[in-house]
Amino acid sequence: MQGPRPVVLSGPSGAGKSTLLKKLLKDYENIFGFSVSHTTRQPRPGEVNGKDYHFVTREEMQKEIDAGEFIEHAEFSGNMYGTSKGAVQAVQAQNQICVLDIDIQGVKNIKKTDLNPIYISVQPPSIDILEKRLRDRKTETEESLLKRLTAARVDLELSKEPGLFDLVIINDDLEKAYSELKEVLLEEIKKTQESRKS
Ligand SMILES: Nc1nc2c(ncn2[C@@H]2O[C@H](COP(=O)(O)OP(=O)(O)O)[C@@H](O)[C@H]2O)c(=O)[nH]1
Ligand SMILES: Nc1ncnc2c1ncn2[C@@H]1O[C@H](COP(=O)(O)OP(=O)(O)O)[C@@H](O)[C@H]1O
């Protein structure tokens with residue numbers, strides 16, 4: 001595949017993936033581009049259709065999956081999520097580093113493709129801290145919060161598989177976690193900046 005290597009950010013819901021990603025996209029506006037996933041979950045206040053997600057019905061999404069338009073898709077906490085070929089192509093067409101925010105099933109399925117990204121797992125310091133962050137975020141009902149915590153335990157267990165991730169970032173202090181993220185991406189950032197000059 002042409003262009004810079006994509007980046008996969010995975011890890012439990014509430015671990016801080018979106019927070020880290022937003023910082024990265026803000027600091028390196030032209031370097032990184034977000035792969036906008038499809039989902040059947042309801043938008044949260046402030047989320048923008050086409051920017052945070054493509055919000056679709058289950059029927060619409062299944063139709064596109066059947067038509068072969070998705071690189072990967074998964075069921076998470078009662079909703080469908082997936083990366084369309086178009087989402088990745090839109091970023092790569094800009095010669096930007098494509099960043100995907102996907103769950104661990106997505107990671108396993110992306111491994112079967114030729115995308116060849118850098119795999120990073122963002123993890124909380126503990127399950128208790130994760131629960132507090134998810135509660136404080138105030139985006140979930142009690143039911144979806146409990147589902148996310150169950151999925152988080154599974155995620156943390158499966159993430160121990162040797163070689164699954166190139167890097168595990170424990171997101172305790174946000175600035176420290178962000179520095180670790182930038183550090184691992186430095187080479188790709190430099191390459192992309194260089195290619196802009198020539
Ligand atoms: N496999 C897969 N997972 C996704 C995709 N988009 C988002 N996810 C994952 O779905 C989970 C739930 O995402 P979301 O509902 O936005 O909740 P949040 O992570 O708590 O903000 C997270 O683990 C995301 O990484 C996708 O396209 N494919
Ligand atoms: N290092 C951190 N310390 C304290 N709170 C954090 C930290 N990182 C993220 N948060 C907060 O935790 C919540 C979950 O983070 P978020 O980025 O939404 O996680 P994810 O995208 O992985 O679901 C958010 O309210 C966010 O502001």
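For ligands, and for the atoms within them, numbers begin at 1 and follow the listed sequence. All values derive from a computational prediction rather than experimental measurement.
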If you apply the rule side chain to side chain contact (heavy atoms under 4.5 Å, CB included), what do you find for K182 with L24, and how did you get there? CA-CA 8 Å; K182 278 194 295 188; L24 198 68; 4.3 Å; yes
Check the pair R137 / T139 against side chain to side chain donor-acceptor pair (under 3.5 Å), numbers first and verdict last. CA-CA 6 Å; R137 195 173 72 181; T139 52; 2.9 Å; yes
Would F55 and Q42 count as a side chain to side chain contact (heavy atoms under 4.5 Å, CB included) if you check the C-alpha gap in whole Å, the side-chain angles of each, and the deciding distance to 0.1 Å? CA-CA 7 Å; F55 294 100; Q42 289 301 306; over 6 Å; no
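In this structure, H54 falls outside the shell of residues with a heavy atom less than 4.0 angstrom from ligand 1. A heavy-atom separation below 4.0 Å is found between R41 and ligand 1. Residue contacts with ligand 1 do not include H38, since none of its heavy atoms lies under 4.0 Å from the ligand. Taking 4.0 Å as the cut-off, D136 does not count as a neighbour of ligand 2 on heavy-atom distance. Using a non-hydrogen distance threshold of 4.0 Å, R137 registers as a contact of ligand 1. Using a non-hydrogen distance threshold of 4.0 Å, P12 registers as a contact of ligand 2. Taking 4.0 Å as the cut-off, D172 counts as a neighbour of ligand 2 on heavy-atom distance.
Salt-bridge check for E180 with K176: passed, with a basic side-chain N closer than 4.0 Å to an acidic carboxylate O.
The atoms of ligand 1 that sit less than 4.0 Å from any heavy atom of G106 are 1 (N). The atoms of ligand 2 that sit less than 4.0 Å from any heavy atom of L174 are 1 (N), 8 (N). Applying the 4.0 Å criterion to heavy atoms of F76 picks out, from ligand 1, the atoms 11 (C), 12 (C). Near T19, the atoms of ligand 2 lying under 4.0 angstrom from a non-hydrogen atom of the residue are 9 (C), 15 (O), 16 (P), 17 (O), 26 (C). For ligand 2 and K17, the ligand atoms under 4.0 Å from any heavy atom of the residue are 17 (O), 19 (O), 20 (P), 21 (O), 22 (O), 23 (O). Of all the atoms in ligand 2, the ones that sit under 4.0 Å from a non-hydrogen atom of S13 are 23 (O). Those atoms of ligand 1 that come under 4.0 Å of a heavy atom in A74, given as number and element, are 1 (N). Against a heavy-atom cut-off of under 4.0 Å, G82 is close to the following atoms of ligand 1: 26 (C), 27 (O), 28 (N).
By the 4.5 Å heavy-atom criterion applied to side chains, V168 and S159 are not counted as neighbours. Looking at heavy atoms from C-beta onward, S179 lies out of side-chain contact with E183 at the 4.5 angstrom threshold. Proximity of R148 to F76: side-chain heavy atoms (C-beta onward) are separated by under 4.5 Å at one or more points. Put simply, the side chain of D155 does not reach to within 4.5 Å of the side chain of D103, judged on heavy atoms. Put simply, the side chain of L185 does not reach to within 4.5 Å of the side chain of Y28, judged on heavy atoms. Side-chain atoms of I110 and P117, non-hydrogen and from C-beta on, do get closer than 4.5 Å to each other. At least one side-chain heavy atom of L164 sits under 4.5 Å from a side-chain heavy atom of I104. The shortest side-chain heavy-atom distance between Q96 and T192 does not fall under the 4.5 Å cut-off.
The proximity of A177 to ligand 2, defined as any non-hydrogen pair under 4.0 Å, does not occur for either the backbone or the side chain. Using a 4.0 Å cut-off between heavy atoms, K17 contacts ligand 1 through its side chain alone, with no backbone atom that close. Contacts with ligand 1 closer than 4.0 Å are made by side-chain heavy atoms of R148 only, the backbone lying farther away.
For atom 13 (O) of ligand 1, the closest non-hydrogen atom of the protein is Y53 OH, 3.3 Å. Atom 8 (N) of ligand 1 has as its closest protein heavy atom D101 O, 3.5 Å. From the protein, the heavy atom lying nearest to atom 23 (O) of ligand 1 is D103 CB, 3.8 Å. Regarding atom 19 (O) of ligand 2, its nearest protein heavy-atom neighbour is G16 N, 3.0 Å. When only non-hydrogen protein atoms are considered, atom 20 (O) of ligand 1 lies nearest to S13 OG, 2.5 Å. Scanning the protein for heavy atoms near atom 27 (O) of ligand 1, the closest one is S37 OG, 2.6 Å.
Polar contact with ligand 2: present for S18 (N/O pair, distance under 3.5 Å). Between D101 and ligand 2, no N or O atom pair is found at a separation short of 3.5 Å.
In this structure, P125 and N171 approach most closely via the heavy-atom pair CD-O, 3.4 Å. Among all heavy-atom pairs drawn from G11 and K17, the shortest one is O-NZ, 2.9 Å.
For atom 10 (N) of ligand 2, the choice among R133, R137, R135 with the nearest heavy atom turns out to be R133. By heavy-atom distance, the residue among Q42, E140, H73, R44 lying nearest atom 17 (O) of ligand 1 is R44. Relative to atom 26 (C) of ligand 1, the option among E72, E47, E75, M80 with the closest non-hydrogen atom is E72.
Across V91, L21, I118, a single residue satisfies side chain to side chain contact (heavy atoms under 4.5 Å, CB included) together with V99, and that is L21.
Side chains of E69 and S84: no donor on one and acceptor on the other come within 3.5 Å.
Taking the six-membered ring where tryptophan is involved, the planes of F70 and H38 are perpendicular, since the angle between them exceeds 60° and thus also 30°.
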